[in-house]
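Along the sequence shown, residues are numbered consecutively beginning with 1. Since we're looking at a predicted model, the values are computed, not measured.
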Amino acid sequence: RGVLPLESFHVPGTLAARVRSGRFTVRINSDFEATMRGCMADRAEGTWINEDLIAAYVQLHELGLAHSVESWREGRLVGGLYGVSLGGAFCGESMFHRETDASKVALVALVGRLREREFVLLDTQASTSHLERFGCVEISAREYLGKLRGAMGLERRFD
């Protein structure tokens, strides 16, 4: 399973400069459904995100379990990500961008929020070359389940 260790999350220098530049305004849960739709559109062919899934996740969002981290520029949603928080775990589902670095800025903001709120697990589902730049690693199912069990036992709030 892919996980991004929060304690060793790495922000490449050029991205750190982009975050500091203020080019994007980061918002939390400002437009959850539009963030999901951005992820759906970003995948075009063969996306696993469909109307039924959006409806289900919107319900999870209304229950306070699913969240979006969004990058905005000049009043437009230009990137972001969404996932589910349970206890001290955040399970990332998908991300998208319409402008360079917009989803990466959202990821940096997500990690900052999780650290601030003392989450212990950021599940990325799989490790990709894109996520490996930030320190993402693959762990065994056994190790993952142990981390998930520990995280689920914590009381944490994402929002």
Side-chain angles (χ1 to χ4, degrees), residues 1-12 15 19 26-29 31-71 77-98 100-154 156-159:
R1 188 74 175 197
V3 297
L4 238 168
L6 296 169
E7 66 280 356
S8 59
F9 180 73
H10 170 72
V11 181
L15 180 58
V19 170
V26 174
R27 298 181 191 170
I28 306 295
N29 294 326
D31 199 336
F32 180 84
E33 184 173 339
T35 301
M36 278 199 76
R37 290 189 182 285
C39 293
M40 181 171 71
D42 201 40
R43 303 292 179 289
E45 288 183 31
T47 183
W48 50 274
I49 302 170
N50 59 35
E51 293 301 325
D52 289 339
L53 192 69
I54 290 172
Y57 272 83
V58 166
Q59 286 184 332
L60 288 173
H61 175 67
E62 290 167 354
L63 291 169
L65 298 172
H67 306 281
S68 58
V69 181
E70 309 147 6
S71 292
L77 177 62
V78 294
L81 58 87
Y82 74 96
V84 174
S85 67
L86 298 166
F90 187 91
C91 302
E93 294 295 331
S94 190
M95 56 194 324
F96 82 100
H97 70 279
R98 293 182 183 127
T100 302
D101 292 336
S103 62
K104 295 174 192 165
V105 169
L107 178 62
V108 171
L110 170 67
V111 170
R113 188 173 196 87
L114 296 178
R115 285 176 169 170
E116 175 184 284
R117 287 166 169 70
E118 299 180 347
F119 277 64
V120 296
L121 178 63
L122 175 49
D123 175 357
T124 64
Q125 298 179 29
S127 179
T128 64
S129 58
H130 171 72
L131 291 173
E132 286 171 2
R133 286 182 278 189
F134 299 100
C136 187
V137 295
E138 289 276 338
I139 60 174
S140 70
R142 181 182 203 155
E143 185 178 356
Y144 173 76
L145 290 173
K147 287 180 179 290
L148 182 60
R149 214 173 354 267
M152 295 288 291
L154 300 173
R156 300 292 187 269
R157 289 196 49 87
F158 184 84
D159 52 357

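Looking only at distances, a side-chain donor or acceptor of Arg156 sits under 3.5 Å from a matching main-chain atom of Glu118. Looking at Asp123, its side chain never comes within 3.5 Å of a backbone N or O of Val3 through a donor-acceptor pair. Using modelled atom types, no side-chain atom of Glu93 and backbone atom of Val84 make a donor-acceptor pair closer than 3.5 Å. Without hydrogens or angle criteria, Thr124 side chain to Leu4 main chain gives no donor-acceptor distance under 3.5 Å. In this structure, the side chain of Glu70 does not engage the main chain of Thr35 through any donor-acceptor pair within 3.5 Å.
Side-chain contact between Leu6 and Leu121 is absent, with no heavy-atom pair separated by less than 4.5 Å. Two residues are said to be in side-chain contact when any heavy atoms from C-beta on lie closer than 4.5 Å; Glu51 and Met40 meet this criterion. Between Val69 and Phe158 the shortest side-chain heavy-atom distance falls below 4.5 Å. Using a 4.5 Å cut-off on side-chain heavy atoms (C-beta onward), Ser94 and Tyr82 make contact. Annotation: side chain of Leu107 is in contact with side chain of Leu131 (closest heavy-atom distance under 4.5 Å). Annotation: side chain of Arg1 is not in contact with side chain of Leu145 (no heavy-atom distance under 4.5 Å).
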Item to check | Trace of the side-chain contact (heavy atoms from CB on, under 4.5 Å) decision for Val111 with Val11 | outcome: CA-CA 10 Å; Val111 170; Val11 181; over 6 Å; no
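The nearest pair of heavy atoms linking Asp52 to Asn50 is N-OD1, 3.1 Å. In this structure, Arg113 and Asp159 approach most closely via the heavy-atom pair NH2-CA, 3.7 Å. The shortest heavy-atom contact between Val120 and Ala151 is CG2-CB, 3.6 Å. Between Lys147 and Ile139 the shortest heavy-atom distance is CD-CD1, 3.8 Å. In terms of heavy atoms, Gly135 sits closest to Pro5 at O-CD, 3.4 Å. The minimum heavy-atom distance between Phe90 and Ser85, with the atom names listed, is CD1-CB, 4.0 Å.
In this structure, CD1 in Ile54 is found 13.0 Å from CD in Gln59, a value given to the nearest 0.5 Å. Atom CZ in Arg37 sits 10.5 Å away from atom CD1 in Ile49 (nearest 0.5 Å). Annotation: the span from Glu138 atom CD to Glu132 atom CD amounts to 8.0 Å, rounded to 0.5 Å. To the nearest 0.5 Å, atoms CZ (Phe119) and CZ (Arg157) are separated by 9.5 Å.
Exactly one of Leu81, Val78, Leu77 qualifies for a side chain to side chain contact (heavy atoms under 4.5 Å, CB included) with Phe96. That residue is Leu77.
In this structure, Phe9 and Phe134 have parallel ring planes: the angle between them is below the 30° cut-off, well short of the 60° mark.
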